[in-house]
A.B. asks: 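Below is one structure. I have some questions about it.
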Amino acid sequence: MIKMHNIVKRFGTQTVLSDVSFEVKEKEIFGLLGPSGAGKTTIINILTRQLIADGGSYSIGVTPFETGLMLDEDGLYPRLNGLENLNVFADIYGISHEKSLEALRSVGLGDAVKKPINQLSKGMRQRTALARAILHKPKVLFLDEPTSGIDPGTARGIHKLILRLRDDGATVFLTTHNMDEAVKLCDKVALLHKGVIVEYGGPAEICQRHNSIKTVPDLEAVFIKVTGVVLE
């Protein structure tokens, strides 16, 4: 469904991605893990055609209208309420406004649809942005650190929704610096460090490649062993 081959990206004299290659299969949750500044968002921006790579190639097996996108900067209109925000995009996609309410309810926001975005908590804004991303039932969903800065209860709800979307047929591309999240959700993961993929495969498979690290929850130990970096 998604392929990157030898992607290079530079900003001025700084190389932020170097020879990045991976493949995401259809109906798979793929996790891209790394600390802030590793290049995770840059990869999403290239895949979603917001940036042009300086080298290499990539492909996505769907049209732009068949993708959904949730970034850390949610891009919501602060003076509009949740329902009005989603209705703007429903009009763009040419779908019924009823789908807006359906999407908000799917993320547990049915009772807050009439509150202006600037009156919502961080977690509620995150869920509104997720509702907007899944509004048109995309075949490929890009989620850039979807649970960053929110409480554990809200994060668990988002995890359940992501798994349900995968089970309903969506391919999910997820960035995170939370190893526990990756282990719970992802079929395949890539560990990104300073713009280079240092490990790639299933969580258990990656751990088994490192002699002293045998269990999936020790994926974080693999990252520390390979890069010397402790994720926060």
Side-chain angles (χ1 to χ4, degrees), residues 1-4 20 22-51 58 60-62 64-76 82 85-86 89 93 103-104 106-109 120 122-192 197 200 203 219 231:
M1 180 61 78
I2 302 171
K3 293 182 180 180
M4 264 196 163
V20 170
F22 59 81
E23 181 176 345
V24 184
K25 295 181 179 179
E26 187 176 2
K27 301 179 183 180
E28 182 175 77
I29 298 178
F30 175 83
L32 185 62
L33 290 88
S36 297
K40 303 188 299 297
T41 301
T42 300
I43 287 175
I44 281 188
N45 286 339
I46 290 172
L47 289 173
T48 55
R49 302 172 177 86
Q50 298 179 76
L51 283 176
Y58 71 91
I60 303 176
V62 296
F65 268 178
E66 293 175 307
T67 64
L69 176 63
M70 176 186 175
L71 296 175
D72 183 51
E73 294 293 332
D74 56 52
L76 298 168
N85 264 275
L86 266 65
F89 286 84
Y93 292 124
L104 287 164
S106 74
V107 298
L109 286 177
L120 299 182
K122 168 76 170 179
M124 293 175 77
R125 288 178 66 106
Q126 289 280 83
R127 284 187 282 164
T128 303
L130 180 56
R132 185 186 60 191
I134 65 175
L135 173 64
H136 56 304
K137 300 188 184 302
K139 293 181 180 179
V140 174
L141 183 60
F142 292 97
L143 303 177
D144 192 8
E145 300 194 2
T147 59
S148 176
I150 63 177
D151 65 271
T154 301
R156 285 193 295 271
I158 290 177
H159 289 169
K160 289 179 181 178
L161 178 59
I162 291 171
L163 291 169
R164 187 166 76 244
L165 291 167
R166 189 272 311 273
D167 293 343
D168 288 341
T171 302
V172 181
F173 187 106
L174 170 77
T175 74
T176 183
H177 57 259
N178 185 325
M179 292 293 184
D180 183 58
E181 181 170 75
V183 168
K184 289 178 179 177
L185 295 179
C186 298
D187 302 295
K188 292 286 182 66
V189 296
L191 308 186
L192 187 69
I197 291 181
Y200 170 66
L219 189 59
L231 295 181

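One is the number of the first residue; the rest follow in order along the sequence.
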A.B. asks: Report, as yes or no, whether the 6.0 Å neighbourhood of atom NZ on K122 holds more than 12 heavy atoms from other residues, nucleotides or ligands.
C.D. replies: yes

A.B. asks: Answer yes or no: is there a donor N or O on one side and an acceptor on the other, between the side chain of K40 and the main chain of G34, under 3.5 Å?
C.D. replies: yes

A.B. asks: Determine the minimum heavy-atom distance between P138 and A133, stating which atoms define it.
C.D. replies: CG-O, 3.4 Å

A.B. asks: I need the D144 CG to I44 CD1 distance, nearest 0.5 Å.
C.D. replies: 4.5 Å

A.B. asks: For the CD atom of E181 and the SG atom of C186, what is their distance to the nearest 0.5 Å?
C.D. replies: 7.5 Å

A.B. asks: Under the rule for salt bridge (Lys or Arg N to Asp or Glu O under 4.0 Å), what residues qualify as partners of D74, not counting sequence neighbours?
C.D. replies: R125

A.B. asks: How far apart are the closest heavy atoms of P146 and I162, and which atoms are they?
C.D. replies: CG-CD1, 4.4 Å

A.B. asks: Between OG of S148 and CG of N178, what distance do you get to the nearest 0.5 Å?
C.D. replies: 9.5 Å

A.B. asks: I'd like to know if the side chain of T176 reaches the main chain of L33, judged simply by a donor and an acceptor atom lying under 3.5 Å from each other, with no hydrogens or angles considered.
C.D. replies: no

A.B. asks: Starting from the C-alpha separation in whole Å, work towards a yes-or-no answer on side chain to side chain contact (heavy atoms under 4.5 Å, CB included) for H159 and L185.
C.D. replies: CA-CA 7 Å; H159 289 169; L185 295 179; 3.6 Å; yes

A.B. asks: Is the shortest side-chain heavy-atom distance between V140 and V24 below 4.5 Å?
C.D. replies: no

A.B. asks: Please confirm whether the backbone N or O of I46 pairs with a side-chain atom of Y58, one donor and one acceptor, at under 3.5 Å?
C.D. replies: yes

A.B. asks: Hydrogens and angles aside, do T154 and Q126 bring a side-chain donor and acceptor to less than 3.5 Å of each other?
C.D. replies: no

A.B. asks: Answer yes or no: is there a side-chain heavy-atom contact under 4.5 Å between R132 and T128?
C.D. replies: no

A.B. asks: Run the salt bridge (charged side-chain N to carboxylate O under 4.0 Å, His left out) check on D187 and K25 step by step: do they pass?
C.D. replies: CA-CA 10 Å; D187 302 295; K25 295 181 179 179; over 6 Å; no

A.B. asks: Which atom pair, heavy atoms only, marks the closest approach of Y93 to T67?
C.D. replies: OH-O, 4.4 Å

A.B. asks: Applying side chain to side chain contact (heavy atoms under 4.5 Å, CB included) to I29 and L163, what does each step give before you reach the verdict?
C.D. replies: CA-CA 8 Å; I29 298 178; L163 291 169; 3.9 Å; yes

A.B. asks: Could you tell me the separation between the CG atom of L143 and the CG atom of L32, rounded to the nearest 0.5 Å?
C.D. replies: 12.5 Å

A.B. asks: If every non-hydrogen atom of L192 is compared with every non-hydrogen atom of P35, which pair is closest and at what distance?
C.D. replies: O-CD, 3.8 Å

A.B. asks: Quick one: pull up CG in L104 and CG in L130 and give me the separation to the nearest 0.5 Å.
C.D. replies: 10.0 Å

A.B. asks: Taking all non-hydrogen atoms of both residues, which atom of I60 and which atom of L47 are closest, and how far apart?
C.D. replies: CD1-O, 2.9 Å

A.B. asks: What is the distance from atom CD1 of I197 to atom CE of M4, rounded to the nearest 0.5 Å?
C.D. replies: 8.5 Å

A.B. asks: Search all heavy atoms of L219 against all heavy atoms of P203 and return the closest pair with its distance.
C.D. replies: CD1-O, 4.2 Å

A.B. asks: So F30 and F173, would you call those rings parallel, tilted or perpendicular, with 30° and 60° as cut-offs?
C.D. replies: tilted

A.B. asks: Could you check whether any side-chain N or O of Y200 sits under 3.5 Å from a backbone N or O of K188, counting only pairs where one atom can act as donor and the other as acceptor?
C.D. replies: no

A.B. asks: Output yes when a side-chain donor or acceptor of T171 lies under 3.5 Å from a complementary backbone atom of K27, and no otherwise.
C.D. replies: yes

A.B. asks: Does R156 have more than 12 heavy atoms from other residues, nucleotides or ligands lying within 6.0 Å of its CZ?
C.D. replies: no

